[in-house]
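Okay, so here's the structure we're looking at.
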There are 2 protein chains.
Amino acid sequence: MTQRKVISFETIRVACKNCTLSQLCLPMGMSPEDVDRLDSIVKRSRPLHRGDHLFRSGERFRSLYVVKTGSVKTYTPSEEGGEQVLGFHLPGEIIGLDAIDQDTHACSAKVLETSAICEVPFQRFEELAASIPSLQHSMYRLLSKEIGHDAEMLLLLGKKNAEERLAAFLVSMSQRLSKRGLSPTDFYLSMSRHEIGNYLGLAVETVSRLFTRFQDEGLVKVDRKHVEILDLPTIEHLAGAAQAATSRKHSN
Amino acid sequence: MTQRKVISFETIRVACKNCTLSQLCLPMGMSPEDVDRLDSIVKRSRPLHRGDHLFRSGERFRSLYVVKTGSVKTYTPSEEGGEQVLGFHLPGEIIGLDAIDQDTHACSAKVLETSAICEVPFQRFEELAASIPSLQHSMYRLLSKEIGHDAEMLLLLGKKNAEERLAAFLVSMSQRLSKRGLSPTDFYLSMSRHEIGNYLGLAVETVSRLFTRFQDEGLVKVDRKHVEILDLPTIEHLAGAAQAATSRKHSN
DNA sequence: AATCGCCCTTGATGCGTGTCAACCTGGGTT
DNA sequence: AACCCAGGTTGACACGCATCAAGGGCGATT
């Protein structure tokens, strides 16, 4: 059983137009009337708790999900408990885009901490997008952005070493959190070391050692899930050094 | 200079409706009239040759490209000649989807062999898609499929060993070629060992050794770029074994 | 037909990181 | 307060694959 903290807020009814994430989320650059139309199809459920699933691999695809608060991980489960973590999703990020093609979820989505999630029924959304050019364009851009992000991960997994991977992970967290108005240098990781390692293609032990090393080198201060970034420029340099390092290894 | 074989076919004017790839390409499930409308915005240039670029990283995004015949590789160039190969694209596959978001190409696309390419100006395409629901849906599916494919690659690069990667590569080529009506067990690789290695996150030498080993084990017959697959089931098994193998390594 | 150069192959060696094992720590339970 | 246990850390070791180095073969050019 997970800790059901007594969070006494009821079903959260923040409309898209009042949502602080509207610049990150679907309604980018839409007129107020169109935002209302979008708002009318979005479902908002009670907050979900650690371990709850938005959907599971194999289920029929019906809706996209947008993280409003909290965090979610997506992963492809394989037989007997093994899994491949595909990503961690922060507020404003959209989940389920990969399921449109097959009309079936190929991955599962599990909530990492108490989170508020918007559900967007895809069929109604698609109809709406057809009549709102800017929404349609937003959707294309979102899908495209996801592809671009995946390409970065391909590079990370294909060419970067362990140190570069963890540095890139920290930089990514920092950037995404700061876009959401949170501190870029002081944050809590809602996922376990194991999940980080799985995501980055590293063993847990390697992740742990790297956190220790980064701390010894004065780059970060780590206390369990609490991370303070002390020297972001150096970490960014470590993360980006891959281009130079790899171009030597894998040059033509 | 590349070998400009005297291929004496002029500008190829095969309309979408006559194209053998229409089941793989954009016009999936569209009415004949709508296919004509799509056809009217598609540009078809003279065949391109090995080494030609469809676009380069940093250029303004204007069009999507569809491979009609031949093959194309996409890659992110880094300073001084190094590169990360993102993918190899066969007939019916669409290139440039990652550029929609930023409105700028983040990767370059280079033709691997004499190829015919359709160019689809994106702005006009987007307008058209807004008025043809099935085309819009096709586009969502295509973008979504790309995301799903990238997720597979993430798993490959994150969790599979060298043998599993090359096996997966061969299986992928086999499947994609057979969908296009070509032999699933006998084909030519238009890319170099170096490019395969770069794509799979392996050194050239490792790729070479694996080809030799697969041949010694009777799984394939390799002669330079010509590959004959002798034991597809075993190769598929090697490629898929990752789920079982990795779930042990990276289990929760 | 001889030469050049690129791509590929093959062998020897070393490093990075996975694996195995033990221990530590903090949070939750009884 | 003592216990338990999952998650995390640390150390020792092994192995897969990158790296370095050398040689071979085919295609292109002359």
Side-chain angles (χ1 to χ4, degrees), chain A residues 1-5 50-51 81-82 112-113 156-167 188-198 200-216 220 222-227 238 241-242 245-252, chain B residues 1-6 49-51 81-82 112-113 156-167 188-198 200-216 220 222-227 238 241-242 245-252:
Chain A
M1 199 54 47
T2 55
Q3 73 285 23
R4 306 245 165 187
K5 298 252 173 68
R50 178 174 179 77
L112 289 171
E113 61 190 311
L156 184 146
L157 291 174
K159 303 280 186 294
K160 296 191 182 184
N161 64 25
E163 179 183 82
E164 292 162 344
R165 292 184 199 191
L166 188 65
Y188 282 82
L189 298 174
S190 56
M191 69 295 291
S192 70
R193 297 285 190 273
H194 190 102
E195 288 166 327
I196 295 173
N198 188 310
L200 297 175
L202 300 172
V204 199
E205 295 92 331
T206 303
V207 174
S208 182
R209 275 186 257 270
L210 282 170
F211 269 123
T212 304
R213 182 144 66 85
F214 282 180
Q215 177 156 270
D216 291 347
V220 295
V222 183
D223 177 36
R224 313 208 101 239
K225 296 191 181 305
H226 180 207
V227 175
L238 286 180
T246 24
S247 60
R248 257 177 279 118
K249 288 188 201 169
H250 298 268
S251 60
N252 247 1
Chain B
M1 201 52 49
T2 55
Q3 71 288 21
R4 306 244 163 186
K5 295 254 173 67
V6 188
H49 298 90
R50 177 173 180 79
L112 289 172
E113 61 189 313
L156 183 146
L157 291 175
K159 302 283 187 292
K160 297 191 183 185
N161 64 23
E163 179 183 81
E164 292 161 344
R165 292 184 197 190
L166 189 64
Y188 281 82
L189 298 173
S190 57
M191 70 296 288
S192 70
R193 298 284 192 275
H194 190 103
E195 288 165 327
I196 296 173
N198 188 311
L200 297 176
L202 299 173
V204 199
E205 295 92 329
T206 305
V207 174
S208 182
R209 274 186 257 269
L210 282 169
F211 269 122
T212 304
R213 182 143 66 86
F214 282 0
Q215 177 157 272
D216 291 348
V220 294
V222 182
D223 177 35
R224 314 210 100 237
K225 298 192 180 302
H226 181 208
V227 175
L238 285 181
T246 26
S247 59
R248 257 177 280 120
K249 289 187 197 170
H250 299 266
S251 60
N252 245 4

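Note on naming: letters A, B, ... go to the chains in the order of the sequence lines (proteins, then strands), and numbering restarts at 1 for each one.
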Closest approach to the side chain of [X], judged atom by atom: which nucleotide of [options] is it?
X	options	result
A:Arg224	D:dG8, C:dT17, C:dC8	D:dG8
A:Ala203	C:dT9, C:dG18, C:dG26	C:dG18
A:Leu202	C:dC8, C:dG18, D:dT9	C:dG18
B:Thr212	D:dG8, D:dA18, C:dT9	C:dT9

Determine whether B:Tyr188 and B:Arg224 make a side-chain contact, defined as any pair of heavy atoms from C-beta on separated by less than 4.5 Å.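 Side-chain contact under 4.5 Å: no.
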Find out whether B:Leu238 and B:Glu164 are in side-chain contact, i.e. whether some heavy atom of one side chain is under 4.5 Å from a heavy atom of the other.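 B:Leu238 does not reach B:Glu164 side chain to side chain.
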Between C1' on D:dG7 and CE on A:Met191, what's the gap in Å once rounded to a whole number?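 The distance from CE of A:Met191 to C1' of D:dG7 comes to 15 Å, rounded to the nearest Å.
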What is the distance from CZ of B:Arg213 to P of C:dG11, rounded to the nearest Å?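 Distance, rounded to whole Å: 14 Å.
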Ignoring hydrogens and angles, are the base of D:dT19 and the side chain of B:Arg209 linked by a donor-acceptor pair under 3.5 Å?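 Donor-acceptor pair under 3.5 Å: yes.
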Is there a side-chain contact between [X] and the phosphate of [N], meaning an N or O under 4.0 Å from OP1 or OP2?
X	N	result
B:Ser208	C:dC8	no
A:Lys225	D:dG7	no
A:Ser192	D:dG7	no

Review item, nucleotides 21-24 of chain C N/O atoms under 3.5 Å of protein N/O:
none

Verify, without hydrogens or angle tests, whether B:Arg193 (side chain) and B:Val207 (backbone) share a donor-acceptor contact under 3.5 angstrom.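 Here the side-chain-to-backbone pair does not exist.
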